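The residues of the chain are indexed from 1 along the displayed sequence. Everything numeric in this text was worked out from a predicted model, so none of it was measured.
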Amino acid sequence: MALIPFDDRDGVIWMNGEMVEWRDARTHTLTHALHYGSQVFEGERAYGGVIFKSREHTQRLRKSCHYLDFDLPVSDDEMDAIKDQVLAANHIVDGYVRAFCWRGSEMMAISAQETKIHLAVAAWQWPSYFDPEVKMKGITLDISDWRRPSADSAPVHAKAAGLYMICTLSKHNAEQKGYQDSLMLDWRGYIAEATGANVFFLMKDGTLHTPTPDCFLNGITRQTVIDMAKARGIEVIERHMKPEDMADASECFLTGTAAEVTPVRQIGDYHFTPAETTRALVDGYADLVNGRG
């Protein structure tokens with residue numbers, strides 16, 4: 001199946017205050033973001049024309065900007081309205097929304113205080129429908145050699161472009177081995193997350209464990225699923241987890257805007273069986289985002 005390049009599509013992108021034809025939404029090759037990684041972004045999903053937890057995503061985008069020492073150039077209300085305008089302009093009902101903010105090309109050096117801050121929002125079709133039985137078989141993950149950095153060595157709580165370089169390397173290596181994704185450990189050797197999603201383990205005693213997000217994003221979907229699990233009477237424990245702790249888990253799943261709730265059947269040499277708890281959270285999340293729960 002041929003890829004459709006993201007620079008050659010129909011539609012419009014909101015960029016710096018106006019709707020721009022998709023193919024004309026460009027920035028200079030000497031932009032600071034391209035050379036020094038000074039870009040932050042949000043990935044959001046729309047279900048039935050409504051962006052799930054749009055305000056929470058906007059607030060996280062603003063925090064990410066602050067971590068990189070610049071300001072989101074619009075208010076929260078304006079940001080939410082822009083995203084809705086982009087969906088409407090592109091006639092998208094079920095889709096993905098990408099809001100992103102970056103430093104421009106006025107300064108080409110590490111110092112960048114005088115760069116212009118750019119803002120854009122794009123959206124494209126991304127139906128959320130799936131065959132539940134296929135999804136419930138679970139995906140497989142490798143264990144990456146790359147480690148999540150400590151909070152005193154990188155802006156780990158920003159959704160910043162530069163932090164995803166090791167994710168790309170990890171995922172490429174995993175795919176070359178026949179896995180769908182990769183589990184990343186942190187600099188201490190604790191379990192952190194997958195390359196673009198948080199991870200949960202249902203332990204054999206019935207408690208749901210998830211790594212403490214002290215060096216990676218406390219995902220919005222992660223927080224949603226924790227609330228869902230607690231509402232179902234499941235005890236949720238956030239803690240530092242060692243790789244060998246996976247031997248005590250019976251079920252495993254990932255959470256994220258793109259992943260939603262995705263069952264996992266294997267991580268390295270550890271195997272899991274997606275079952276009742278995972279299915280309940282997969283179905284419950286689908287009901288929630290589609291306004292059925």
Side-chain angles (χ1 to χ4, degrees), residues 32-44 53 55-72 76 98-103 110-113 115 117 141-171 173-174 181-201 208-227 236-246 252-259 267-268:
H32 195 273
L34 179 62
H35 292 262
Y36 294 98
S38 53
Q39 189 254 28
V40 296
F41 68 97
E42 280 296 313
E44 310 175 39
K53 296 197 171 180
R55 179 53 59 95
E56 286 91 331
H57 282 284
T58 291
Q59 291 172 339
R60 187 171 67 180
L61 180 63
R62 185 177 302 282
K63 289 178 182 178
S64 293
C65 289
H66 290 167
Y67 277 118
L68 267 63
D69 197 31
F70 55 81
D71 293 321
L72 184 64
D76 288 355
R98 174 62 64 101
F100 49 109
C101 197
W102 70 99
R103 290 187 180 277
I110 291 175
S111 179
Q113 295 95 332
T115 49
I117 305 305
L141 280 69
D142 189 22
I143 298 178
S144 177
D145 292 330
W146 292 98
R147 301 290 183 95
R148 275 290 178 205
S150 64
D152 58 3
S153 61
V156 297
H157 298 297
K159 195 170 179 65
L163 295 173
Y164 284 82
M165 178 176 62
I166 56 175
C167 300
T168 296
L169 295 172
S170 298
K171 192 171 180 71
N173 190 50
D181 202 349
S182 190
L183 181 73
M184 302 187 73
L185 308 181
D186 70 14
W187 85 102
R188 298 161 296 195
Y190 293 132
I191 295 171
E193 59 177 348
T195 59
N198 295 121
V199 64
F200 287 78
F201 300 91
L208 188 62
H209 293 217
T210 187
T212 302
D214 57 2
C215 64
F216 54 90
L217 285 181
N218 179 12
I220 291 172
T221 308
R222 176 185 185 274
Q223 296 172 50
T224 301
V225 170
I226 287 175
D227 290 341
V236 180
I237 298 174
E238 299 180 67
R239 66 181 178 95
H240 290 136
M241 301 183 67
K242 298 178 181 179
E244 54 265 33
D245 291 338
M246 290 190 286
C252 175
F253 57 85
L254 305 181
T255 64
T257 296
I267 300 178

Legend entry - Chi angles and distances behind the side-chain contact (heavy atoms from CB on, under 4.5 Å) call for Asp71, Ile117: CA-CA 8 Å; Asp71 293 321; Ile117 305 305; over 6 Å; no
Legend entry - CA sep, side-chain torsions, deciding dist, call: Phe216, Asp186, side-chain contact (heavy atoms from CB on, under 4.5 Å): CA-CA 9 Å; Phe216 54 90; Asp186 70 14; 5.9 Å; no
Legend entry - Trp146 and Asn173: CA distance, side-chain angles, deciding distance, side-chain contact (heavy atoms from CB on, under 4.5 Å) verdict: CA-CA 11 Å; Trp146 292 98; Asn173 190 50; over 6 Å; no
Inset, instruction - Check the pair Ile191, Lys242 against side-chain contact (heavy atoms from CB on, under 4.5 Å), reporting the backbone distance first and the verdict last. - result: CA-CA 6 Å; Ile191 295 171; Lys242 298 178 181 179; over 6 Å; no
Inset, instruction - Show your reasoning for whether side-chain hydrogen bond (donor to acceptor under 3.5 Å, both in side chains) applies to Thr212 and Asp214. - result: CA-CA 6 Å; Thr212 302; Asp214 57 2; 5.9 Å; no
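A distance of 9.5 Å separates SG in Cys65 from CD in Gln39, rounded to the nearest 0.5 Å. Taken from CD in Glu56 to CD in Glu44, the straight-line distance is 10.0 Å, to the nearest 0.5 Å. Rounded to the nearest 0.5 angstrom, Asp145 CG and Leu185 CG are separated by 9.5 Å. Distance check: Glu193 CD to Asp181 CG gives 10.0 Å after rounding to the nearest 0.5 Å. Atom CD1 of Ile267 sits about 5.0 Å away from atom CE of Met246, to the nearest 0.5 Å. Taking CG of Leu163 as the reference point, atom CG of Leu217 lies at 8.0 Å (rounded to 0.5 Å).
Residue Asp227 places its CG atom among more than 12 non-hydrogen atoms of other residues, nucleotides or ligands, all under 6.0 Å distant. With a 6.0 Å radius and a threshold of 12 heavy atoms from other residues, nucleotides or ligands, Asp69 has its CG atom at or below the threshold.
In summary, of the residues considered (Lys159, Arg62, Arg60), a side chain to side chain donor-acceptor pair (under 3.5 Å) with Glu42 occurs for Arg60 alone. A side chain to side chain contact (heavy atoms under 4.5 Å, CB included) with Arg222 is found for exactly one of Val199, Leu254, Asn198, namely Asn198.
A donor-acceptor pair shorter than 3.5 Å cannot be found between the side chains of Thr115 and His32. A donor atom on one side chain and an acceptor atom on the other are found under 3.5 Å apart for Ser144 and Ser170.
The closest side-chain heavy-atom distance from Arg188 to Ser150 is not below 4.5 Å. The shortest side-chain heavy-atom distance between Trp187 and Pro149 does not fall under the 4.5 Å cut-off. Taking the side chain as every heavy atom from C-beta outward, Met184 and Ile166 approach each other to under 4.5 Å. Here the side chains of Glu238 and Ile226 are in contact, with some heavy-atom distance below 4.5 Å.
Between His157 and Tyr67, the angle of the ring planes lies from 30° to 60°, which puts this pair in the tilted group.
When all heavy atoms of Cys101 and Phe70 are compared, the pair lying nearest together is SG-CE1, 3.8 Å. Annotation for Ser182 and Ile143: closest pair OG-C, 3.8 Å, computed over non-hydrogen atoms. Nearest approach of Arg103 to Ala112, heavy atoms of both residues: NH1-O, 2.8 Å. Scanning both residues, Thr257 and Gly43, for their nearest heavy atoms gives OG1-O, 3.2 Å.
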